[in-house]
Structures are given as structure tokens and as C-alpha cells.
Amino acid sequence: MRWSNQESISGTEPALLPMSGFLRSVQTPDFAGVTFHEVQSKSILNRVTATSSMPFEWTINPYRGCSHACVYCFARKTHTYLDLDAGPDFDSQLVVKVNAGQVLRAELSKPSWQRHHVAMGTNTDPYQRAEGRYKLMPEIISALADSGTPFSILTKGTLLGRDIDLLTAASQQVEVGMGISLALTDPGLAKRLEPGTPAPRARLQLISRLREAGLPCGVMAMPILPWLTDSDEALDSLFSRLSSAGATGVTAGPLHLRPGAREWFMTWLAKEHPQLVGRYRRLYGRGAYAPKEYRQWLASRVAYFKKVHGFSGGARFIRHDQNQGDRPKRSPEQHGQQRPDQQQGLHPDQQPALF
């Protein structure tokens, strides 16, 4: 790969990161503050542990670390396995598996490969900005389709639009599931929470482009943030715009604060919304998950607004009926759905003993 004005900051010197297959570290003016650590990977297919509840057995992650820099990203802790930190290093020290496509073709050609569904975007985003330079995904998509392997992609990256024709062709060979991650519509808040991602409006436009191309497009509306994106106004705006864009289903859920992500998110919260720090500490305690009462309350609100805007199912971007949406045309009254002020459950502000 040739970049103008690129600088190799390691060549014959010792590897900057303790990993096998290390080639070099590269910086370029196009990605100010970002270092790419290029590696030759021996394997690209990752098997999901048998104890996992995920609806897939295999994943592909061509990148480690993510320049989307989402302050809540659950994958941050994985960077500590490379002796890097879960904060700034996760956002700026990116590992690139430059031979991902070639290695994948070799793995898929083995007689032992059973053409199990392969999920992408489950850890770090395959369509983060670096993909515009390294162009790993076209070869990965082609290899999967040519081998008869069904796959799905979850992304916040509008760079995926570059590959719509390729994905449309692949969908004629195998099942292809598309998922867009979008949990808020406020562009100012999005810029602070997810500083390296395309704006919500751009992601909504990508959903429409995928649907116009005949591809399914579910949405993962995660995470919903207590006191920041869980109001009636925020949820109504989100589901209204997803419906208008043509999303085929939506799955929504609250923030998880796992180790690595928890520390980084709470640092961000103290800077941006210091008045909420105590509330979050009481809500989450020492655990990763919001308490059952809050999750039930949020689920009831989500269910109401999904019905209002015509969604009957979840994102289901790992699916079988890849051409059909699941949105009914009936109103919430026809479903017998209660309005928010009639539902069971209370907002955290109404539960001082718990929250």
C-alpha cells in the first residue's frame, strides 16, 4: 500500500507492540494522531466461545482498536491485551490485519469449513475510517460470498456505502445481513459521545441507500443512556427517523459499563455532565448493567415508541428473510398499546430509593 507523505516509524527496529506477525507502524497526515500497526495475521476467522449467548459461531475483525472513539465502547478492554490502554490508545493505536482477505480465502477453502454464519462488527467496526485506506472489506466480502458462507455486518461507518453493489451481488449468492448502529439523533451529543463516527443524519441516509438497493437493514439502537437519551422526546425522534429511513427492525437497550469502558465513560461524564456522575454511580453500583427495574422501565418505553412508528420486531440483521421488512402498518391503538403515561414501571427520577 502506498500513501503520500506517510511515515514508517518502525522498520528494522524492535516491534512497537508485542504481537506476532508485526510488520511496521505507520503514521500519515490524513489521520492526525493515529498510528497504524500493520500485521500479517495467521488466522482471521475467530470462533465464539461455546458459552456465549451470541446467535453466531464465528466472527471476523480486520482491525483492533477503533477511531470512532465512542466513549462507551465495550471493546475497549481488549486493547489492554496488547499492553495498550483502554482510553486514548484504543482510539488512536490501531492494529490492521493487512493480509485478512488472503488468509480468509485459505481458511474458507479448507474441507473442514462448514459455511457457518460469520458476523463482522461485533468487536470493532470494519468500516471505521482506516478501511478507506486499507480496503480490506471488499476482498473479505468476496471471499465469503464465493465460498457460500452467509455473513452479517454491523457498523456505524457510512464508508459501507462504497460496497453496496458488492454486497448486493453477494446477497444473490448467500444470506447477507446488514445492521447499522444508531441510538440517538441529536448531532451535538453524538459528536461528543462518538467523535469519530459519521453524524446520525449520514447513518440514516445509509439505511435508506441499503433499503433502496434491496438489502435488509436492521438497527442496533444501543446504548440508550440514562438521563441523556432515554426521554420521550429522544426516543420518539429516534424511532420516527428510523422508520422514515426504512429500517427493517430495531433492537434497543441500555448502556453497559464493563471494565475498561466504565472508567473511560465515567471520566467523560464527569467532564461533560458532572451533575449525572452520582446518579450513574447509584444506578450501576459496581456492576456492568443497570438494575432490572430500569431495564424494565426502558423496555416498556421502547416497546411503545416502536409500536407508534410501526416496528414489530428487533434488528434481526442475522436473519433468513433477507428481503422482507417486519414493520406493520397498524397504529398503537390497534395493537392495544398503552401510552407512556399509562405504562407500568417508573423512570429513575421517580425511584429515589433505588436510583
Side-chain angles (χ1 to χ4, degrees), residues 1 44 56 59-63 66-68 96 100-101 104-105 108 117-183 185 190 194 196-221 241-251 311 313-327:
M1 190 185 69
I44 195 69
F56 47 80
T59 66
I60 291 174
N61 293 291
Y63 303 95
C66 186
S67 61
H68 284 339
V96 184
L104 178 60
R105 282 193 179 275
L108 296 175
H117 182 102
V118 174
M120 291 172 278
T122 60
N123 192 46
T124 56
D125 201 315
Y127 281 102
Q128 57 181 288
R129 283 186 61 219
E131 173 59 18
R133 291 290 189 174
Y134 283 95
K135 298 180 175 63
L136 301 180
M137 286 300 291
E139 189 168 2
I140 289 172
I141 291 167
S142 296
L144 290 166
D146 292 346
S147 71
T149 300
F151 64 90
S152 59
I153 299 172
L154 176 63
T155 183
K156 293 178 181 172
T158 52
L159 183 59
L160 179 143
R162 178 199 67 192
D163 294 339
I164 286 180
D165 289 346
L166 182 59
L167 289 163
T168 302
S171 71
Q172 304 304 309
Q173 299 174 264
V174 296
E175 289 181 352
V176 174
M178 301 305 308
I180 300 300
S181 177
L182 179 60
T185 58
E194 310 165 344
T197 64
R201 182 178 180 181
R203 280 177 268 173
L204 289 166
Q205 292 171 341
L206 176 60
I207 293 169
S208 295
R209 289 183 63 192
L210 288 166
R211 297 297 291 132
E212 289 166 2
L215 291 165
C217 186
V219 171
M220 294 294 285
R241 296 188 187 189
L242 293 178
S243 179
S244 296
T248 50
V250 186
T251 295
F311 292 103
R316 294 197 297 137
F317 61 94
I318 299 173
R319 56 190 296 161
H320 294 285
D321 62 324
Q322 62 185 44
N323 295 315
Q324 299 297 320
D326 59 5
R327 298 187 295 122

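Computed from a predicted model, the values in this text were never measured in an experiment.
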Which atom pair, heavy atoms only, marks the closest approach of [X] to [Y]?
{"X": "Ala315", "Y": "Val219", "result": "CB-O, 3.3 Å"}
{"X": "Pro62", "Y": "Met137", "result": "CG-SD, 4.3 Å"}
{"X": "Leu210", "Y": "Cys217", "result": "CD1-SG, 3.7 Å"}
{"X": "Thr158", "Y": "Ala202", "result": "CG2-O, 3.6 Å"}
{"X": "Ala143", "Y": "Leu108", "result": "O-CD1, 3.4 Å"}
{"X": "Leu206", "Y": "Gly157", "result": "CD2-O, 3.8 Å"}

Any side-chain heavy atom of Ile140 sitting closer than 4.5 Å to one from Met120?
->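 The answer is yes, as the side chains (C-beta and beyond) meet within the 4.5 Å cut-off.
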Side-chain touch Val176/Leu144, heavy atoms, less than 4.5 angstrom: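 No, their side chains stay 4.5 Å or more apart.
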Under the side chain to side chain contact (heavy atoms under 4.5 Å, CB included) test, which residues partner [X], sequence neighbours left out?
{"X": "Ser67", "result": "Leu94, Gln128, Arg129"}
{"X": "Ala169", "result": "none"}
{"X": "Leu204", "result": "Leu182, Ile207, Arg241, Leu242, Ala245"}
{"X": "Thr122", "result": "Phe56, Thr59, Asn61, Ala119"}

Check: Going by the salt bridge (charged side-chain N to carboxylate O under 4.0 Å, His left out) test, which pairs reach into residues 135-154, not counting sequence neighbours?
Finding: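 Pairs touching residues 135-154 that pass the test: Arg105-Asp146.
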*asked:* Taking salt bridge (charged side-chain N to carboxylate O under 4.0 Å, His left out) as the cut-off, I'd like each qualifying pair that reaches into residues 149-169, sequence neighbours left out, listed once.
replied: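 For residues 149-169, and leaving out neighbouring residues, the salt bridge (charged side-chain N to carboxylate O under 4.0 Å, His left out) pairs sorted by first residue read Glu131-Arg162, Lys156-Glu194.
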Checking Thr185 now: which residues fulfil side-chain hydrogen bond (donor to acceptor under 3.5 Å, both in side chains) with it, not counting sequence neighbours?
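In terms of side-chain hydrogen bond (donor to acceptor under 3.5 Å, both in side chains), with neighbours along the sequence ignored, Thr185 is linked to Ser237.
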(message) Can you list everything that forms a side-chain hydrogen bond (donor to acceptor under 3.5 Å, both in side chains) with Thr149? Sequence neighbours excluded, please.
(response)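 Once residues adjacent in sequence are excluded, the partners of Thr149 under the side-chain hydrogen bond (donor to acceptor under 3.5 Å, both in side chains) criterion are Trp113, Ser147.
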From [X] [atom1] over to [Y] [atom2], what is the distance, rounded to the nearest 0.5 angstrom?
{"X": "Thr248", "Y": "Arg316", "atom1": "OG1", "atom2": "CZ", "value": "8.0 Å"}
{"X": "Ile180", "Y": "Ser208", "atom1": "CD1", "atom2": "OG", "value": "10.5 Å"}
{"X": "Tyr127", "Y": "Leu160", "atom1": "OH", "atom2": "CG", "value": "4.5 Å"}
{"X": "Ile153", "Y": "Asp125", "atom1": "CD1", "atom2": "CG", "value": "10.0 Å"}
{"X": "Leu104", "Y": "Ile141", "atom1": "CG", "atom2": "CD1", "value": "11.0 Å"}
{"X": "Glu212", "Y": "Gln205", "atom1": "CD", "atom2": "CD", "value": "10.5 Å"}

- Criterion side chain to side chain contact (heavy atoms under 4.5 Å, CB included) on Leu167 and Phe151, from CA distance to verdict: CA-CA 10 Å; Leu167 289 163; Phe151 64 90; 3.8 Å; yes
